[in-house]
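Structure record follows, encoded as structure tokens.
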Amino acid sequence: MAIRKIVQIGHPILRQRAREVTRDEVRSPAFQVLVDDLIETMKDANGAGLAAPQIHESVRLVAIHVDKNPRYPHKPPIPLTILVNPVVTPLADELFDNYEGCLSVPNLRGVVQRYAHVRVTGWDRHGADFEREAHGFTAGTFQHELDHLDGAVFLDRVKDPRTLTTWAEFDAHHREAFLARAFELVAKYGG
Ligand code: NI
């Protein structure tokens, strides 16, 4: 296992559509090493999730894990989840506002609208079928990571650029109000 370098915004790989993975490929030792590297890199950077293109691998693979995350204290826990060839489907039109950040977009957060209720399907790291529903911030985390596989970053979805803030200014001016609203959303939607 190895901690990989995280690609930063401006690198063309973040703007490409990542390719599908075959079942044979999922079962290969090289792919399993890639999965382990993705997990280790995500944990090292305190990420809530990381997509393979962010570590220079343009394949449809993401890792998600939320457990008392210091970058996102409002997020309900999500067990370590590996998704291959994932698809996200909204279950309702309802949207909510989420303050997002990204390990490939240094020191910036902004408000993005996400579907409040989604179904996520795909494979796990061994190629077995995966399906779950997600709500609220957990749904937002899945949508953020899956965007990376289509060459999108959260900045593309920021409707009002005036919501953009560095992390220090977020802590100073937006954190309190956001967290108060965030805990209401968690109470409403759960994970
Ligand atoms: Ni990201």
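What you are looking at is a predicted structure, and each value in this text was computed from that prediction instead of being measured.
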- Are the aromatic ring centres of F96 and F137 under 6.0 angstrom apart? yes
- Task: Using a 4.5 Å cut-off on heavy atoms from C-beta on, say whether the side chain of H126 contacts that of Q32.
- Result: yes
- L95 with V118, same ILVMFWY side-chain cluster at under 4.5 Å: yes
- Task: State which residues pass side chain to side chain donor-acceptor pair (under 3.5 Å) with T81; sequence neighbours excluded, sorted by chain then number.
- Result: none
For residues 166-182, which side-chain N or O atoms pair as donor and acceptor with protein atoms under 3.5 Å away, sequence neighbours left out?
from, atom 1, to, atom 2, distance (Å)
T166, OG1, E169, N, 3.1
E169, OE1, H173, NE2, 3.2

- Message: Tell me the closest heavy-atom pair linking A139 and A116, and the distance in Å.
- Response: CB-O, 3.9 Å
- Message: Applying side chain to side chain donor-acceptor pair (under 3.5 Å), can you list everything that pairs with N85, at least two apart in sequence or on another chain?
- Response: none
- Message: Name the residue from T41, D44, D37 that meets the side chain to side chain donor-acceptor pair (under 3.5 Å) definition with R4.
- Response: D37
- Item | Pairs touching residues 46-56 that satisfy side-chain hydrogen bond (donor to acceptor under 3.5 Å, both in side chains), sequence neighbours left out | Q54-S104
- Query: Are any of the side-chain heavy atoms of Q16 and P53 separated by less than 4.5 Å?
  - Reply: no
- Message: Running the 4.5 Å side-chain criterion over Ile, Leu, Val, Met, Phe, Trp and Tyr, what cluster does V87 land in, apart from itself?
- Response: none
- Note on the structure: Residue pairs passing the salt bridge (Lys or Arg N to Asp or Glu O under 4.0 Å) test with at least one member in residues 94-113, sequence neighbours excluded, are E94-K188, E100-R114
- Query: Under the side chain to side chain donor-acceptor pair (under 3.5 Å) test, which residues partner R23, sequence neighbours left out?
  - Reply: none
- Query: Are F183 and H74 an aromatic pair by the rule of ring centers under 6.0 Å?
  - Reply: no
- Message: Would you say V66 ends up clustered with L83 if hydrophobic residues are merged whenever their side chains have heavy atoms under 4.5 Å apart, either directly or through other cluster members?
- Response: yes
Hey, can you pull the donor-acceptor pairs under 3.5 Å for the side chains in residues 148-159, sequence neighbours left out?
from, atom 1, to, atom 2, distance (Å)
H148, NE2, H144, NE2, 3.4
D150, OD1, R60, NH1, 3.4
D150, OD1, R60, NH2, 2.8
D156, OD1, R15, NH1, 3.4
D156, OD1, R15, NH2, 3.0
D156, OD2, R15, NH1, 2.7
D156, OD2, V153, N, 3.1
R157, NE, D147, OD2, 2.6
R157, NH2, D147, OD1, 2.9
K159, NZ, Q113, OE1, 3.1

- Decide if atom CG of D160 counts as having more than 12 heavy atoms of other residues, nucleotides or ligands within a radius under 6.0 Å. yes
- Distance, nearest 0.5 Å, that separates OG of S58 from CG of L14: 9.5 Å
- Which distance, rounded to the nearest 0.5 Å, do you find between the OG1 of T138 and the CD1 of I78? 4.0 Å
- Answer yes if L108 and Y99 sit in the same cluster of Ile, Leu, Val, Met, Phe, Trp and Tyr residues linked by side chain heavy atoms under 4.5 Å apart, and no otherwise. no
- Note on the structure: Grouping ILVMFWY residues whenever side-chain heavy atoms fall under 4.5 Å, the cluster of V84 otherwise contains I6, V21, V26, F31, L34, V35, L38, I39, M42, L50, I55, V59, L61, L80, I82, L103, W123
- Message: Among residues at least two apart in sequence or on other chains, which ones pass ring-ring contact (aromatic ring centres under 6.0 Å, His included) with H65?
- Response: none
- Item | For E131, all residues meeting salt bridge (charged side-chain N to carboxylate O under 4.0 Å, His left out), sequence neighbours excluded | R119
- Note on the structure: Contacts of N107 meeting side chain to side chain donor-acceptor pair (under 3.5 Å) (sequence neighbours excluded), chain-then-number -> none
- Query: Taking a hydrophobic cluster as the set of Ile, Leu, Val, Met, Phe, Trp and Tyr residues connected by side-chain heavy atoms closer than 4.5 Å, whether directly or through intermediates, do I3 and V62 fall within one such cluster?
  - Reply: no
- Task: State whether D67 and K75 are salt-bridged, where the test is any N-O pair (Lys NZ or Arg NE/NH1/NH2 against Asp/Glu carboxylate O) under 4.0 Å.
- Result: no
- When rounded to the nearest 0.5 angstrom, what distance separates CD in E57 from CD1 in I13? 7.5 Å
